[in-house]
Amino acid sequence: AEMQQMLASYDVTLTPEDFGLLTARTEGWAAGVRLSAMWMEGTKYPAAFVSELALDQGSIGEYLVDEVLRRLPEPHRRLLVETSFLGEVTGPLADAVTGMAECGDMLIQLARENSFVIPLDAAQTRFRYHQLLAEILCYLLRRPGPQVVPQLQRRAAAWFEAVGDLGNALYWAVQAEDGPYVASLLARGAFVHAFVHRQDLTEAGLRELLPLSAPVQADLADGVGAAPSAESAVAYSATVAIFAGPGDRKSTRLNSSHIT
């Protein structure tokens, strides 16, 4: 009711769906609602602002950049930006992704000094970022070029693999669109891990990264082709097991049994 009254004071009317989206994005942040209302005031399509990220003068984006990010020390800004693609951040994970040390202490300090870094447990070992701040940080992360995010995602995948969390390792390797790494993870236990933990891989993006055609085998007579690695063979079999029907799986087992 308070948010609706604030919007009404700026003569802003939103549909229930758009109002719900604004509520979710601002997470009850009163200043964020007020800035949104001021930005939408007098616009012909105020709902367009709700789903768009603006960095114009007077916008929430400008406020977050000027009042929050620019006042932070450079290591703190780098930490926030380079881990913004993660839904949940821990100190060790942030260390691995950013290449910096003592990120856990920085996260605790950030959570203590502002309300945009939110602890997820009493011990303050797990954190998330306020949705609006995360949107700004992701925008800043992607601004230098498309190669930045996949590199950081691969680092996240490698960290999860190192701590034995093959489910998250596979997820971030897929997000990085690193087909060879995905195949390697599947061959080294990620497929079994997903099966044991009942992890649904059909929507994980494997179809786009790993082919549903058998790996090429070398023709020893004329040297055409290349012998597939054991990892590619296992990854192929795992991918078919995920997407193909029972008949195809049987055929795959017969064909892949000859691959060495």
Side-chain angles (χ1 to χ4, degrees), residues 18 21-22 24-27 29 31-36 38-40 43 45-104 106-107 109-111 113-118 126-160 168-169 171-179 181-182 205 208-209:
D18 289 325
L21 180 57
L22 178 63
R25 291 185 74 198
T26 56
E27 299 189 34
W29 178 40
V33 178
R34 184 174 293 106
L35 284 168
S36 299
M38 292 171 61
W39 185 247
M40 290 185 284
T43 60
Y45 302 106
F49 170 84
V50 177
S51 58
E52 293 178 355
L53 177 63
L55 289 172
D56 302 312
Q57 185 175 5
S59 69
I60 293 180
E62 185 196 42
Y63 173 86
L64 289 173
V65 170
D66 288 341
E67 299 298 321
V68 178
L69 295 179
R70 286 180 183 160
R71 297 187 179 188
L72 295 175
E74 191 278 333
H76 291 67
R77 287 198 305 272
R78 179 182 164 193
L79 164 64
L80 291 174
V81 172
E82 293 188 3
T83 60
S84 60
F85 67 94
L86 297 164
E88 183 178 305
V89 189
T90 67
L93 174 57
D95 287 348
V97 169
T98 64
M100 297 190 295
E102 301 180 352
C103 288
M106 285 191 277
L107 287 166
Q109 181 181 353
L110 286 166
E113 294 178 353
N114 69 72
S115 59
F116 296 102
V117 177
I118 304 165
R126 298 161 43 238
F127 302 85
R128 74 173 181 87
Y129 303 148
H130 188 287
Q131 184 169 333
L132 287 173
L133 177 64
E135 291 179 25
I136 297 294
L137 294 172
C138 284
Y139 168 79
L140 296 175
L141 177 62
R142 289 179 169 84
R143 191 163 58 180
Q147 75 284 353
V148 176
V149 177
Q151 179 182 7
L152 299 176
Q153 290 170 330
R154 280 190 289 271
R155 292 180 186 175
W159 183 83
F160 279 113
N168 273 312
Y171 173 81
W172 286 115
V174 171
Q175 295 303 305
E177 299 184 349
D178 190 336
Y181 189 22
V182 170
E208 291 74 23
L209 290 175

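- The distance from the CD atom of E82 to the CG atom of L140 is 11.5 Å, given to the nearest 0.5 Å.
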After noting the C-alpha distance and the side-chain angles of F116 and I136, does the key distance pass the side chain to side chain contact (heavy atoms under 4.5 Å, CB included) rule?
CA-CA 12 Å; F116 296 102; I136 297 294; over 6 Å; no
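- Across Y181 and A173, no two heavy atoms sit closer than the pair CD2-CB, 3.8 Å.
- There is no side-chain donor-acceptor pair under 3.5 Å between Y139 and S84.
- The shortest non-hydrogen separation linking G91 to C103 is O-CB, 3.8 Å.
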Please walk me through it: do R142 and V148 pass side chain to side chain contact (heavy atoms under 4.5 Å, CB included)?
CA-CA 7 Å; R142 289 179 169 84; V148 176; over 6 Å; no
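- Taking both residues in full, the closest heavy atoms of Q153 and Q175 are given as OE1-O, 3.1 Å, listed atom of the first, atom of the second, then distance.
- Between the side chains of Q109 and E113, at least one donor N or O lies within less than 3.5 Å of an accepting N or O.
- Pairing each heavy atom of R154 with each of A176, the nearest pair is CG-CB, 3.7 Å.
- Between L133 and L69 there is a side-chain heavy-atom pair separated by less than 4.5 Å.
- Contact check for E177 versus P150: no side-chain heavy atoms found under the 4.5 Å cut-off.
- Of all the heavy atoms in A101 and M106, the pair that sits closest is O-CE, 3.9 Å.
- Within the 4.5 Å cutoff, the side chain of V97 has no heavy atoms near those of the V89 side chain.
- Counting only residues at least two apart or in different chains, salt bridge (Lys or Arg N to Asp or Glu O under 4.0 Å) contacts with residues 85-99 comprise E88-R126.
- Nearest approach of L79 to A94, heavy atoms of both residues: CD1-CB, 3.6 Å.
- The main-chain N or O of V117 is never found under 3.5 Å from a side-chain atom of R128 such that the two would form a donor-acceptor pair.
- Considering only heavy atoms from C-beta on, Y129 comes within 4.5 Å of T83 through its side chain.
- Residues L152 and T98 have side chains not in contact (no heavy-atom distance under 4.5 Å, counting atoms from C-beta outward).
- Using a 4.5 Å cut-off on side-chain heavy atoms (C-beta onward), W172 and F160 make contact.
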Between L137 and L141, is the side chain to side chain contact (heavy atoms under 4.5 Å, CB included) condition met? List the steps.
CA-CA 6 Å; L137 294 172; L141 177 62; over 6 Å; no
